[in-house]
A.B. asks: 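This is the structure I want to talk about, given as structure tokens.
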2 protein chains.
Amino acid sequence: MTVTIKDVAREAKVSVASVSRALNGAGGVTTATEKRIREAAARLRYVPHGAARSLITRRTHTIGALLPDLHGEFFSELIRGIDQKARAHGLHLLVSSAHDGVDDAAAALRAMQGRVDGILILSSRVDEAFLKANLPQDLPAVLLNSPLEDGTHAVLNIDNFAGTYAMVRHLLGVGHERIAFVTGPKDNFDAQQREQGFRAAMAEFMPNASPRIVAGDFTERSGLRAGRELLAAKSRPQAVFAANDMMAVGCLQAFREAGLDVPGDIALAGFDDIPIARYVAPPLSTVRVRIADLGRNAMELLADLIERPGPSAASVHTLGCDIVVRDSCGAHLARNASGGNRRSSDP
Amino acid sequence: MTVTIKDVAREAKVSVASVSRALNGAGGVTTATEKRIREAAARLRYVPHGAARSLITRRTHTIGALLPDLHGEFFSELIRGIDQKARAHGLHLLVSSAHDGVDDAAAALRAMQGRVDGILILSSRVDEAFLKANLPQDLPAVLLNSPLEDGTHAVLNIDNFAGTYAMVRHLLGVGHERIAFVTGPKDNFDAQQREQGFRAAMAEFMPNASPRIVAGDFTERSGLRAGRELLAAKSRPQAVFAANDMMAVGCLQAFREAGLDVPGDIALAGFDDIPIARYVAPPLSTVRVRIADLGRNAMELLADLIERPGPSAASVHTLGCDIVVRDSCGAHLARNASGGNRRSSDP
DNA sequence: GCGAGCAACGTAAACGTTTTCATCAAAGCT
DNA sequence: AGCTTTGATGAAAACGTTTACGTTGCTCGC
């Protein structure tokens, strides 16, 4: 029932070869016959069989995205960016999300085998051995937010280090000296980098201070716990910097419980700029990650790898982030808010 | 240098037919030879070429999801539900999102032609003519949140009507009599149904009242405007029900501007239960849509259509929603909160 | 012990493209 | 005019599977 290239050929009174050439713009056909062929194809509503085509072409015009169990804005923005660029390159997007187990991800990766021209991987669980075992070495791949720099795959990371660094500088500039930090999960790459950025900035700007660092795990509850813990200490920090916004929201709740005014009594900052950050009271100062850009850049990188493959595959890129100053950090109270690079405020 | 079925056949010293049979579990092979074949395949890291397979099988084991320009939780939850069920059925997920123009969506739909076994469509822009023109009539399809009941496609809708209806009943039960409604965009199907639900409930329970209805467009700004407009009127409503949460947040801001206490001076409710709803002050009472369930059910429906195609394709299903009572509606103030079905509160 | 039946296995066609190669006509060159 | 070049077109091979159809050898019932 489906109409094939043969039907078009018959309809246009040419050979299948000419139809193929005409429709692919490969040249070698008169404009007259091309027109006739195009008309015949349109009349018959011919649409080439993708599988047959990619069987011989060895190109699927599809890229795969292997993603962990993401939620909310992060997921949608990432896909938005990827999809946008993919479409620009004429590529389809095969999504496989919600992989938390390693074997789960491995299965998904293998299932994508041969269905995609390239692959985008975002997962904390992948290490070098995993990739070696499950990723065909000739399949173009871009790793997102990965600690791996094995020199065989392209990697695109968020510049967590610079982001925290800039935020610390900003907080110091506002006048806060005793800054405490709430970390993310120990095994999370982003969390590690953010902690390092914090330590580095403090070490540089306040070499004599030994800032308080309490453990969190990126959840609101852990933020609440951390906030309480910080208040329980004898000397209260002047500012608290949480490694992500959800924990900052938790801290906020702890401070509210204690009857503290934010930022009057204690300043607060987060990381990620999730939508909620804008709506809590006071609005949360944070570090914005342009997630759609992350997706876009990753896709661009991958498209490049696909279009001209070669040994230049290995490369490491970083995507900067901006600090966004709202009320919770106290900058709008301070007489002169100096310091901090690439700052921005909501309109 | 990819390894094909022939390589496996040679390695296992059998014919390609046997390899195919063994690997597909089609029977007709001794357990001994099957074992030998499986081992050979494993040794060679053989993975069948999907395109070649689907060329002859006419099955791609992939379903397409055509989505509009969605944001945040809605998108990610929907995909989560779809992906979960898709995987359970051994299907891959081809996503094409961010289609705002009709021609854009049409192009995407045609591009999916032959790459998918079935398709999931969520778009306010598709009408019957569009589907007729761009959707092959033999391709299984499920329409989400669509007003279409053309008897040719399966449709799965959120029960917006029942949701608003229940919320109105709840608000009345709490003691609010003058309830105003803020509508969504006129051309949005969900918005239309919600408005209808509101009108129906009011007509039934307060037949003599003529409730205030002001226009919004689902944005926070339009909610702010609507809130101001409602306060400007001579008789202030006792409760405002916004057709979605973002507009409710806008209303909240308007009320705050006016120095009103929510819910003391005026009650407020929204629809959707976006994550922000829980974090505004006071927390917003709203109607929860279990979006992941929507995705799951849609996928289940589609899988069914694919597995046993037939004239039974047309069907209309509805997914209920729950009202979640937080502080903004005033139920926690009232002495006895009665009315409202399927209520729930946050733990 | 012998034909029938059956299970295991192999051969080859088919799926719908792209692409190489050959063919052929027209046009350009001397 | 004769030869070469060029450009359009067609025939057929190839891509890697699945599957219908044969072929083989074995078992079973008599």
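Each chain gets a letter, A, B and so on, in the order its sequence line appears, and its residues count up from 1. Both backbone and side-chain heavy atoms feed into the values below; hydrogens, waters and symmetry mates do not. Given the structure is predicted, the values throughout are model-derived calculations rather than measurements.
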A.B. asks: Within the 4.0 Å heavy-atom criterion, would you say A:Arg58 contacts the bases, only the backbone, or no part of the nucleic acid?
C.D. replies: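 Counting heavy atoms under 4.0 Å across all strands, the contact made by A:Arg58 is with sugar-phosphate only.
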A.B. asks: Which whole-number value in Å describes the distance from A:Gln113 CD to D:dG16 C1'?
C.D. replies: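 These atoms are roughly 15 Å apart.
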A.B. asks: In this structure, how many angstroms lie between the C1' atom of D:dG10 and the CZ atom of A:Arg10, rounded?
C.D. replies: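 That distance rounds to 16 Å.
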A.B. asks: CG of A:Asn24 versus P of C:dT17: gap in Å, rounded?
C.D. replies: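 The distance from CG of A:Asn24 to P of C:dT17 comes to 10 Å, rounded to the nearest Å.
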A.B. asks: Between the protein and nucleotides 25-27 of chain D, which nitrogen or oxygen pairs are less than 3.5 angstrom apart?
C.D. replies:
none

A.B. asks: Over all strands shown, is A:Thr33 touching base, sugar-phosphate only, or nothing at heavy-atom distances under 4.0 angstrom?
C.D. replies: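 Sugar-phosphate, backbone atoms only, no base.
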A.B. asks: Could you check whether A:Thr4 gets within reach of a base, just the sugar-phosphate, or nothing at all, counting any heavy atom under 4.0 Å?
C.D. replies: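 A:Thr4: backbone/sugar contact only, no base atoms under 4.0 Å.
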A.B. asks: Separation of A:Ile5 atom CD1 from D:dA12 atom C1', in whole Å?
C.D. replies: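 A:Ile5 atom CD1 is separated from D:dA12 atom C1' by 14 Å.
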A.B. asks: Can you check the A:Ile56 CD1 to C:dC15 P distance for me, whole Å?
C.D. replies: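 So the CD1-P distance, A:Ile56 to C:dC15, works out to 16 Å.
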A.B. asks: Give the intermediate values and the outcome of side chain to side chain donor-acceptor pair (under 3.5 Å) for residues B:Glu300 and B:His89.
C.D. replies: CA-CA 9 Å; B:Glu300 202 67 48; B:His89 285 272; 2.9 Å; yes
A.B. asks: If the cut-off is 4.0 Å, is A:Thr30 near the phosphate of D:dT9, judged by side-chain N/O to OP1 or OP2?
C.D. replies: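 Yes.
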A.B. asks: CZ of A:Arg21 versus C1' of D:dG7: gap in Å, rounded?
C.D. replies: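 Rounding to the nearest Å, CZ of A:Arg21 and C1' of D:dG7 are 11 Å apart.
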A.B. asks: The helix from C:dG1-D:dC30 to C:dT30-D:dA1: angle between its terminal axes, five pairs each, to 10°?
C.D. replies: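 Inter-axis angle at the termini of the helix from C:dG1-D:dC30 to C:dT30-D:dA1: 40°.
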A.B. asks: A:Lys6 has an atom NZ; how far is it from atom C1' of D:dG10, in whole Å?
C.D. replies: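 The distance from NZ of A:Lys6 to C1' of D:dG10 comes to 14 Å, rounded to the nearest Å.
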A.B. asks: When A:Phe74 is tested against each of A:Leu67, A:Leu122, A:Ile79 for side-chain contact (heavy atoms from CB on, under 4.5 Å), which residue passes?
C.D. replies: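 Exactly one option meets the side-chain contact (heavy atoms from CB on, under 4.5 Å) with A:Phe74, and it is A:Leu122.
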